[in-house]
Amino acid sequence: MRDRITGAKALMRALQAEGVKTIFGYPGGSIMPVYDALFDYTRGEKKCFDHILVRHEQGATHAAEGYARVSGQVGVALVTSGPGVTNTLTGIADAMLDSTPIVVIAGQVPIAALGTDAFQEVDLVGVSQPISKWSYQIRRAEDVAWAVSRAFYIARTGRPGPVVLDFAKNAQVEEVDWEPKHVDFVRSYVPYPKLDDEAVRQAAELINNAKRPLALVGQGVELGNAQEELKAFLEKADIPAGRTMLGLSALPSNHPLNVGMLGMHGNYAVNLKEQECDVLIAIGMRFSDRVTGNTKTYAKQAKIIHLDIDRSEIDKNVKADVAVVADCKESLPAITALLNRNRHREWHDSFKPLNEMERVKVIEPAIHPQSGPLLMGEVVNMVATQAPDDAVLVTDVGQNQLFATRYFKYHHRRSICTSGGLGTMGYGMPAAIGATFGAPHRTVCCFMGDGGFQMCIEELGTIMEQKAPVKMILLNNHYLGNVRQWQDMFWMRRKSFTKMLNPCYEHIAQAYGIDYEAVTDRQRLAKAVERMLATDGPFILECAIKEEDNVLPMTPPGMNVNEMMLEV
């Protein structure tokens with residue numbers, strides 16, 4: 001007997017076959033047949049999905065990103081055509097730049113109406129191809145099973161990323177004989193390049209002969225689940241390691257070889273030492289301009305080893321002397337096996353005076369101020385001190401992001417969700433919602449500025465409906481703080497449209513039925529954080545922050561990394 005079903009129901013079965021448990025979405029006309037099919041799969045004995053109704057399609061993609069980041073699974077967003085799917089483009093671009101595996105499924109007008117400027121028609125494949133790993137239009141019901149399997153295979157394998165499926169309405173309602181498909185090969189797509197033994201040998205030789213080696217650890221270690229392999233590599237050769245913002249939880253904060261965060265607002269010593277090391281080992285990172293500063297002068301004294309799964313990253317920004325193109329879960333052990341046990345005590349000791357300078361001039365004043373208004377650093381430090389060791393940090397973008405990533409503590413893998421490459425304001429709140437579903441047993445702490453909080457403020461409705469236990473820390477300085485800092489430092493203090501008139505956040509919290517507390521002085525901070533973390537459910541903690549609190553250290557844009565400033 002034939003099992004004949006609609007394309008919409010075929011999508012349900014295909015998603016089920018991929019192990020999907022959670023879908024973030026928003027219904028509309030062109031995706032209505034899918035939502036009708038979804039009805040039966042979200043309730044009763046047949047239930048296999050949780051559908052989270054977001055309040056804006058951009059929120060669906062960011063929630064899918066947060067889910068993917070903490071769970072290691074593919075996040076799924078389901079939206080309608082036209083403005084529904086164009087609202088997801090920011091999230092798709094964000095996922096592409098940060099290598100986050102999500103699949104966005106969007107309705108489309110029927111094939112017969114394509115090209116007629118039909119209601120809510122948009123060329124989704126055309127607009128999404130440049131910002132996705134793969135974009136495909138499902139025109140027939142018989143292609144559903146294959147397209148979904150291929151989409152998930154591409155999204156999760158190799159260097160992960162977003163995939164877009166444009167699902168024509170006629171294909172949703174047509175019937176097809178159901179036949180599951182399993183795609184594990186795509187011609188010309190090589191997700192896991194073959195490890196080059198000679199490159200491994202050359203890398204090991206450089207490291208064995210190094211006097212001042214330095215590792216730069218990126219998110220590729222997290223994506224490759226190679227955290228233990230990284231530790232074994234670093235510990236055998238006694239290599240100090242800096243981490244990129246997205247790679248912060250790839251190595252625990254308290255690991256003795258962790259020397260801090262790289263980049264424009266990273267730690268002082270590790271940034272300066274990039275200009276002194278003799279061998280620089282980049283692992284699963286892409287030499288972002290926010291890490292390298294001026295590439296013309298970056299690490300010119302060092303031999304550079306670049307480990308990356310994506311061949312296109314090799315020599316793109318910084319020329320490598322040895323390139324090891326492979327999954328770091330495979331390449332790291334291969335190199336480690338050829339390493340000599342080593343100690344670099346003098347090299348490690350050279351970091352100490354620089355660390356002390358930063359501690360005295362920047363860190364202590366930021367996290368333990370003696371007087372004046374609250375500072376962002378002390379709020380982050382207080383939350384980090386009281387939060388469970390397995391807490392997940394989610395940030396929005398701006399000063400809140402830079403302070404939070406600097407002063408939070410990372411003890412477990414997959415503990416940070418932040419928008420790195422695109423720098424998307426509004427990312428924080430929906431990503432935190434996704435993180436609560438991706439890691440339901442972990443505490444999710446989301447730091448936001450007053451600007452980013454209002455960018456996706458409608459997602460408070462999703463938090464309210466789902467009772468998502470997001471701990472929202474609103475760092476309110478009545479400014480677009482990061483832009484204000486640049487205006488003060490580089491634009492003669494001409495604060496052009498960065499001052500903000502904000503609403504009463506207490507009233508907003510009350511309207512959504514979310515617990516709230518405001519802190520204006522540090523004497524109440526510890527108790528307020530304790531109450532927030534003890535609350536069973538969502539919480540908004542609004543902190544009145546010094547208006548002109550600056551993020552330091554800082555490498556001015558276009559400058560050399562060793563020209564990092566400890567004070568303004």
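The figures that follow rest on heavy atoms only: side chains count, while hydrogens, waters and symmetry mates do not. The first residue of the sequence shown is numbered 1, and numbering continues consecutively from there.
Across all their heavy atoms, Cys277 and Ala302 have their closest contact at O-CB, 3.4 Å. Here the shortest heavy-atom pairing between Phe447 and Leu475 reads CD2-CD1, 4.1 Å.
In Glu346, the CD atom is not crowded: 12 or fewer heavy atoms of neighbouring residues, nucleotides or ligands sit closer than 6.0 Å. Residue-environment remark: NZ (Lys329) exceeds the threshold of 12 foreign heavy atoms within 6.0 Å.
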Please evaluate residues Lys352 and Glu356 with respect to the criterion salt bridge (charged side-chain N to carboxylate O under 4.0 Å, His left out), reporting the C-alpha separation (whole Å), side-chain torsions for both, the decisive distance (0.1 Å), and the verdict. CA-CA 6 Å; Lys352 293 177 181 177; Glu356 181 64 11; over 6 Å; no
Could you walk me through whether Phe287 and His306 pass the ring pair (Phe, Tyr, Trp, His ring centres under 6.0 Å) check? CA-CA 10 Å; Phe287 288 111; His306 194 173; 5.1 Å; yes
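Proximity of a side-chain donor or acceptor of Asp308 to a complementary backbone N or O of Gly284 within less than 3.5 Å is not detected. With hydrogens and angles disregarded, no donor-acceptor distance shorter than 3.5 Å links the side chain of Asp327 to the backbone of Arg159. A donor-acceptor pair is defined here as one N or O able to donate and one able to accept, closer than 3.5 Å; no such pair exists between the side chain of Asn294 and the backbone of Asn560. No donor-acceptor pair closer than 3.5 Å links the side chain of Ser132 to the backbone N or O of Val164. Checking side-chain atoms of Asp390 against main-chain N and O of Arg442 turns up no donor-acceptor pair under 3.5 Å.
Using a 4.5 Å heavy-atom cutoff, the side chains of Asp50 and Ile23 are not in contact. At least one side-chain heavy atom of Asn381 sits less than 4.5 Å from a side-chain heavy atom of Lys409. Inter-residue side-chain proximity for Arg243 and Tyr410 is flagged as met; some heavy-atom pair is nearer than 4.5 Å.
Taking the six-membered ring where the residue is Trp, Phe351 and His348 present tilted rings, their angle falling between 30° and 60°.
Tyr189 and Thr157 share a side-chain donor-acceptor pair at under 3.5 Å. Looking only at atom types and distance, the side chain of Asn267 has a donor-acceptor partner in the side chain of Glu358 under 3.5 Å away. A donor atom on one side chain and an acceptor atom on the other are not found under 3.5 Å apart for Glu563 and Thr555. Side chains of Lys273 and Ser350: a donor on one and an acceptor on the other come within 3.5 Å.
Checked against a 6.0 Å centroid threshold, the rings of Trp134 and Tyr153 do not count as neighbours.
Contact check on Glu18 versus Arg156 returns a salt bridge, with a Lys/Arg side-chain nitrogen under 4.0 Å from an Asp/Glu carboxylate oxygen.
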